[in-house]
Amino acid sequence: LLTEWINRTLKEEHIVVKSLEEDLYDGLVLHHLLENLGSLKLDVDKIALTEKKQRQKLTVIMEAVAKCLQLEESQLKWSVESVFAKDLLSTLHLLVAIAKHFEPSLALPPNVQVETITIETTSRGLKTSNAVEYITEKKENIEAQSRDYAFDELFSCDPDKLDAVKKAVLQFVNQHVGKLGLNVKDIKSQLSDGVILLLLIGQLEGYFLNLRNFFLTPASTTEMV
């Protein structure tokens, strides 16, 4: 999700990120991302070729992020050294913090956690300790909260509110299937045979559906099912 978000944000700049560890450690992508999201003008070179310059650039970027997010050093779950060392966990913490601040509408899934194993060398040998670290916001009882989502509430409101939901859904459907030259005017009738639903799923998930696997123009209830 974070990779897609970065690539979508920096599409016009022809920047493509494939690996969060390998592509973000030198500060180049982070520099472009922050300028694009927050219109931050950072006093650093666009391209830093030497390790020393890259580390200096990353330091300026981290200071700008901490200042923008109003975070004290003790609150940071990342550092210049850890990101520069291509530590994925630190990079994820940094990106999640940037996304939550500049694009709060980004649907980051809650309760994403990893188990970390810390290994220390002691006089008696190696000492290991395990801990669970949350990358995204920790939320209790997700199922109970989901019942209160605003979208669900709209369906239980007045009929005029329901019409607003229908319009929003119709706009959403046409935004995606319109790329295939399709236009939906009535959700109830036009989605009932499953064809547009299948094509919509393909558009949303970014894959090609084999048209031989279903009937493009179903003529019977059996073909629709």
> Taking everything shown except E72 itself, do over 12 heavy atoms lie less than 6.0 Å from its CD?
Replying inline: no
> Under the side chain to side chain donor-acceptor pair (under 3.5 Å) test, which residues partner E22, sequence neighbours left out?
Replying inline: K86
> Just by modelled atom types, is the D186 backbone N or O under 3.5 Å from a matching donor or acceptor in the Q190 side chain?
Replying inline: yes
> Would you say the side chain of Q113 lies within less than 4.5 Å of the side chain of I135, judging by non-hydrogen atoms?
Replying inline: no
> Are L24 and L69 in one and the same hydrophobic cluster, where Ile, Leu, Val, Met, Phe, Trp and Tyr link if side-chain heavy atoms are under 4.5 Å apart?
Replying inline: yes
>> Just so I know, are the side chains of V65 and L76 near enough to count as touching, which here means a heavy-atom distance under 4.5 Å?
In response: no
> Are the side chain of T136 and the backbone of V112 linked by a donor-acceptor contact shorter than 3.5 Å?
Replying inline: yes
>> If the threshold is 4.0 Å, N to carboxylate O, is there a salt bridge linking R55 and E51?
In response: yes
>> Taking the side chain as everything from C-beta on, heavy atoms only, tell me whether L33 gets closer than 4.5 Å to W5.
In response: yes
> Is a side-chain N or O of D23 found less than 3.5 angstrom from the main chain of K18, in a donor-acceptor match?
Replying inline: yes
>> To check you understand the geometry: which heavy-atom pair defines the closest contact between K185 and L170, and what is its length?
In response: O-CD2, 3.8 Å
>> Using side-chain heavy atoms (C-beta onward) and a distance below 4.5 Å, is D87 in contact with W78?
In response: no
> Would you say V17 and I98 are hydrophobically clustered, going by side-chain heavy atoms of ILVMFWY under 4.5 Å?
Replying inline: yes
> What is the distance from atom CD of E137 to atom CG of N111, rounded to the nearest 0.5 Å?
Replying inline: 9.0 Å
> So, the side chain of N174 versus the backbone of N183: is there a donor-acceptor pair under 3.5 Å, distance only?
Replying inline: no
>> So, taking the atom named CG in L28 and the one named NE2 in H31, what distance separates them when rounded to the nearest 0.5 Å?
In response: 8.5 Å
> So if you build clusters from Ile, Leu, Val, Met, Phe, Trp, Tyr with side-chain heavy-atom gaps below 4.5 Å, do V195 and F172 land together?
Replying inline: yes
> E13 side chain to L10 main-chain N or O, any donor-acceptor pair under 3.5 Å?
Replying inline: no
> Just wondering, are more than 12 heavy atoms of other shown residues or ligands nearer than 6.0 Å to CZ in R8?
Replying inline: yes
> Do L211 and L191 share a hydrophobic cluster (ILVMFWY, side-chain heavy atoms under 4.5 Å, transitive)?
Replying inline: yes
>> Could you measure the distance from the CD atom of Q56 to the OG1 atom of T50? Nearest 0.5 Å is fine.
In response: 7.5 Å
> Is it true that a side-chain atom of E223 and a backbone atom of A219 form a donor plus acceptor pair closer than 3.5 Å?
Replying inline: yes
>> Please report the interatomic distance OG1(T9) to NZ(K11), rounded to the nearest 0.5 Å.
In response: 11.5 Å
> Within a strict 4.5 Å, meaning less than it, do heavy atoms of the L58 and L30 side chains meet?
Replying inline: yes
> Do L94 and M62 come within less than 4.5 Å of each other through their side chains, counting heavy atoms only?
Replying inline: yes
>> For a quick test of reading the model, state the closest non-hydrogen atom pair linking G27 to K57 and the distance between them.
In response: O-CE, 3.7 Å
>> If you count heavy atoms of other groups shown closer than 6.0 angstrom to CD of Q75, is the number above 12?
In response: yes
> Could you give the distance from CD (Q175) to CD (Q203), rounded to the nearest 0.5 Å?
Replying inline: 11.0 Å
> When clusters are formed by joining ILVMFWY residues with side-chain heavy atoms under 4.5 Å apart, either directly or through shared neighbours, do L204 and L180 land in the same one?
Replying inline: yes
> Do side-chain atoms of T116 reach the backbone of A131 as a donor and acceptor pair under 3.5 angstrom?
Replying inline: yes
>> Is the shortest side-chain heavy-atom distance between F215 and S220 below 4.5 Å?
In response: no
> Do the side chains of L1 and P109 get nearer than 4.5 Å, heavy atoms only?
Replying inline: yes
>> Return the CG to CG distance between L108 and L95, rounded to the nearest 0.5 Å.
In response: 10.0 Å
